[in-house]
Amino acid sequence: MVDIEAPPADRVDDGTFVVPPGGGPGRWVLALARRGWRQLTSMRTALVLLFLLAVAAIPGSVLPQRRVNLEKVTGYLNTHGETGRWLDRCWLFDVFSSPWFSAIYLLLFVSLVGCLVPRLRTHARALVRQPPDAPSRLDRMPVHAVGAPGGDASDDLARLATLLRARRFRVAVRHDTVSAEKGYLKESGNLLFHFALLALLLGVAVSSWYGWHGSRNLVAGPDGAFCNTLPQYDDYGLGARVGAGDLPPFCLQLDRFDAAYHADGQPASFRASMSYTLAAGSGGPTAGRAQVSVNHPLRLAGAGVYLLGHGYAPVIRYTDRYGRAQISVTPFLPSDEQLTSQGVATFPDANVDPATGRRDPNDQVAFSGVYLPTMSSDDPAALSATAGASVYPAERNPRLLLVAYRGNLGMDTGYAQSVYTLDQSQLDSGKLRKVAASKGLAPGETWALPDGSTVQFLGTRPWVTLTVRHDPGERFVFGAAVCLLVGLLLSLSGKRRRIWFRADSGGGGDSGGVRGRPARIEVGGLPRTDYAGFTAEFDEIVQAARDEGILA
Amino acid sequence: MSGLSDQLMVVTILAYLVAMIGYAAELSFGARGMVARTATRVSAAAPGRELVSVGLAAGGADDPGGATVNPAGAASDPGGAASSGVPVVVEGDGGGRAALIGRWAVAVTVVGWCAHLATIVTRGLAAHRVPWGNMYEFVLVVCFVGATAWMVLVARRPMVRPLGLFVTLAIIVLLGLDGMRLYTSAGPLMPALNSYWLKIHVTAASVASGILLIGFVAAVMTLIRIGYDGGRRSFPYTLGARMPDATGLERLTFRVHAFAFPIWTFAIMCGAIWAREAWTQYWSWDPKETWSFIAWVVYAGYLHARATPSVKRTVATWIAVVGWVTMMINLFAINLVVSGLHSYAGVK
Ligand code: HEM
């Protein structure tokens, strides 16, 4: 490989420490800073930082990450005690937003800018300038040829220039030489690639500043509908520059959910039929229907609505001692692939004495339950409150197993409560006590509790997990990625090379030949990058010159 | 159909194994090259017999395509030459016996390649979909791309043939691990995979990985050859004696990586586009994404290092080797150990 065009910065890889003349500590500081900057913008440093970046990403794939799976992180912290807390202190559960990870890539990108700007300047100059004049000794070039002039000297050079231009070389004809260069696209592509890396990072930053997302579980039916406001999400994230009021107003309702499964229970397809209303700025509110399925999100007001999960919400009617009935529709969370699901149904307003209208907080009722969309038919008797597991994810032989609790649900403590589990502290303190356990209830079946109240399992409604996400950085990132790829292809496939012809009057190294008929024409070629086919190209050009009678 | 695919997989491995033995034979006979060139016709019969048995084994693997594809036609005339003990086509062969065995090994590789193709096609027919919907199939396709890249390379530059032993070795190891650790019976796709992005993203990823496999072999051989040239005579540097010259190997390593890197970049980009459709976000640092990123950064580091004059070529080449290690971690460790969003592994 000959003459790799290294950026100027690379020539000071060793970080030579030159103190400018004159005295005073200021100069030392300046010299140190200059040296540091050179070090940082050298390709070697870039290489080290690239490596650090790769190594730093490893813990992010080995340890659970909050951004990917919050529950796993919590679980890890619970089981690993002190080690877990130490890891957490080192941001090891938030690797990709940790200060040390950021430091590495920011340094890398500073290095990149420091490296790119001078290269861009050099390249821009090379693009407007003519190819450089021939070196004095063409016979020292990697490839070299000599021929007798075929015709008239001045004419020869002009014809050579035409021949090279036809091969898309950039050509400059000087006194007695022709200089030609080709393959500028390589450097252009390389610069495009590196600038695209910068643009990509900016796009990612835009995503994190201006993006927002929220998720929630949505039960089918008009009473389950929700609108795009933060309180209605189970969890959400707002970019640094987004406020709660920036979310576009729209409402969504799940009309219908269809799931298809293969014979072994493996899912085949999911499809949610949704209806939405959109408070569009100009055309007034619009309403519509749409299908959302895996890989096919709904685009609404600049945001994407994604279907990410689903399950069953048992509909339970509880009729209390006083004969008042209430209905609960709560999503049960699947715990396996056959959709064995767990959840609770709470009736905080149960057993309000109709005579006094007083609510006794110690007379609240709740059920924890396991829902099996398909109970194994072999052995129904084996099913008790110590539930079995579903054998198929669709509802072929559905059963609901309930455990009844009475007491204080702990809802008045002021703490946010999970809608999927009972308050463990209330259970532990005995304020909420188990009353009875049911057998497997089929849809429509009623179960009478010892106190005379009844609970009826009416059936289920489907629910889906929706994530709504708005990401204004996407387009930017996409554009940058396309530029990156184009730049990469140009850079890796391009070959920069130079060819010179000199009409030589026979004066050896001295090129100041006499005008008129030169003694010979010398040719030299220099591949400036790794280019195995250069000799062949060179030979072909020399041969073409001979064929046209320019060289003899 | 699924059973047929499994059987063809065995045939494929056997054929590559035979080819590998052939490449090894070429190397070891080539080691006695000086002697071999002046050897008498009688002693030369030994490699000749070896060569016929190579052809026989390929035919014996009862691959239907074998007899027709094998250009030298040993499988179509198995008994005769072997029983007479006369070398088959040795006359007039300037390259010597070793080279002849080497060409046979290439021919057997072609047989294996055909069986390999048939394995993949029957798998797709059995599952009624593109045959790269789970890890087992993915590795199958990666190896297929590797074998294809190898044959294109040998056809264009016969002098790289000594690498064949290590290429087939790498492919056999991968296919073996695939069959033993990742095997999944042919079945339908998970809904998340049911997208045309599966075809684009996974195809690009397997093509890039397959070519990088060849790049890895070239990188290792470059290091071995450079070590050998530097005077090292312990194993594995002794293998360097039979390898093409270090400069050529090093350049080949670079070429292969420079070819595969944009494809890998494209594969990651397509993955990001797909992730936006399926998981809401173009990048969410799930373990597989993370390791693809790590591999990308390491390979970028290799190309970078090679373009940095102050970095030695051996150092750069080592980075390429590290790149392949990260690819393998991504392929095996991440799928089997860490579970992420990718519903791809399908290994239970
Ligand atoms: C942000 C991380 C970076 C990545 C991922 C990266 C990646 C790459 C890749 C893949 C190549 C080879 C392909 C090509 O020629 O286009 C390359 C070449 C190059 N990089 Fe970078 N680079 C990064 C940062 C830098 C920095 C900070 C510098 C300067 C200090 C730099 C200077 C160069 C130069 C000069 C070349 C061209 C060498 C040549 O072909 O002559 N890069 N880079």
Side-chain angles (χ1 to χ4, degrees), chain A residues 1 4 6 10-11 13-14 42-44 46-47 50-51 53-55 57-58 60-62 65 67-69 95-96 190 204 207 211 213 215 259-260 262 264 266-270 293-297 304 306 308 467-469 471 473-474 477-478 481-482 484-485 488-489 492-493 529-530 532, chain B residues 187-197 251 254-255 258-259 261-262 265-266 268-269 272-274 276-291 293-298 300-301 303-311 313 319 322 326 329-330 333-334 337-338 340-341:
Chain A
M1 185 143 125
I4 305 162
D10 201 47
R11 309 222 169 91
D13 253 352
D14 53 349
S42 78
M43 274 182 85
R44 253 183 125 132
L47 204 56
L50 267 175
F51 244 90
L53 190 68
V55 172
I58 294 176
S61 74
V62 178
Q65 297 294 300
R67 285 182 47 177
V68 180
N69 196 330
V95 166
F96 302 106
N190 191 293
V204 173
S207 289
H213 65 92
S215 328
H262 298 290
D264 62 350
Q266 189 189 322
S269 69
F270 302 124
S293 57
V294 182
N295 282 317
H296 298 281
Y306 296 83
L308 290 186
T467 289
V468 183
R469 179 181 291 277
D471 188 342
E474 271 169 4
V477 170
F478 179 72
V482 171
L484 184 151
L485 191 60
L488 194 59
L489 286 170
L492 287 174
S493 62
T529 50
D530 210 355
Chain B
L189 291 175
M190 301 293 285
L193 293 178
N194 213 337
S195 161
Y196 58 88
W197 286 108
R251 187 170 282 172
F254 171 69
R255 288 268 171 77
F259 187 77
F261 185 72
T265 311
F266 178 71
I268 295 180
M269 280 170 53
I273 297 172
W274 189 8
R276 176 180 177 263
E277 298 298 306
W279 303 333
T280 84
Q281 215 179 349
Y282 58 83
W283 198 265
S284 41
W285 293 109
D286 109 302
K288 207 147 181 76
E289 282 177 347
T290 306
W291 277 92
F293 169 80
I294 292 173
W296 189 83
V297 167
V298 173
L303 295 179
H304 227 133
R306 200 178 177 277
T308 310
S310 60
V311 174
R313 285 290 155 92
I319 300 178
V322 172
T326 61
I329 291 176
N330 198 4
I334 295 305
V337 183
V338 194
L341 297 166

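Side-chain atoms are counted along with the backbone in the values below, which use heavy atoms only and exclude waters and symmetry mates.
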TODO: Sort A:Val204 into side chain, backbone, both or neither according to what part of it lies under 4.5 angstrom from a heavy atom of chain B.
DONE: both

- [ ] Please list, chain by chain and in numerical order, all residues satisfying side-chain contact (heavy atoms from CB on, under 4.5 Å) with A:Ala54, sequence neighbours excluded.
- [x] B:Ile294, B:Val297, B:Val298

Open item on the list: Under 4.5 Å from any heavy atom of chain B, what part of A:Leu484 do you find: side chain, backbone, both or neither?
Closed with: side chain

Open item on the list: Taking ring pair (Phe, Tyr, Trp, His ring centres under 6.0 Å) as the definition, give me every residue that meets it alongside A:Phe96, ordered by chain and number, with sequence neighbours left out.
Closed with: A:Phe101, B:Trp285

Task: Proximal component of A:Ala268, with respect to chain B [non-hydrogen, under 4.5 Å] - done: backbone

Task: Interface moiety of B:Leu303 toward chain A, non-hydrogen atoms closer than 4.5 Å - done: side chain

Open item on the list: If I compare all heavy atoms of B:Met269 with all of A:Val482, which pair ends up nearest, and what's the gap?
Closed with: CE-N, 4.1 Å

Open item on the list: At a 4.5 Å cut-off on heavy atoms, which part of A:Asn295 comes close to chain B: side chain, backbone, both, or neither?
Closed with: both

Open item on the list: Whether the side chain of A:Glu474 engages the backbone of B:Tyr282 through a donor-acceptor N/O pair (distance < 3.5 Å, no angle test) should be reported.
Closed with: no

- [ ] Go through the steps for B:Thr265 and B:Trp296 under the test side chain to side chain donor-acceptor pair (under 3.5 Å), then give the verdict.
- [x] CA-CA 7 Å; B:Thr265 311; B:Trp296 189 83; 2.9 Å; yes

Open item on the list: To check you understand the geometry: which heavy-atom pair defines the closest contact between B:Val311 and B:Ala305, and what is its length?
Closed with: CB-O, 3.7 Å

Task: When B:Trp283, B:Phe293, B:Trp197, B:Phe254 are compared by non-hydrogen pairs under 4.5 Å with chain A, the top option - done: B:Phe293

TODO: Let me know if A:Gln266 has heavy atoms under 4.5 Å from chain B in its side chain, its backbone, both or neither.
DONE: side chain

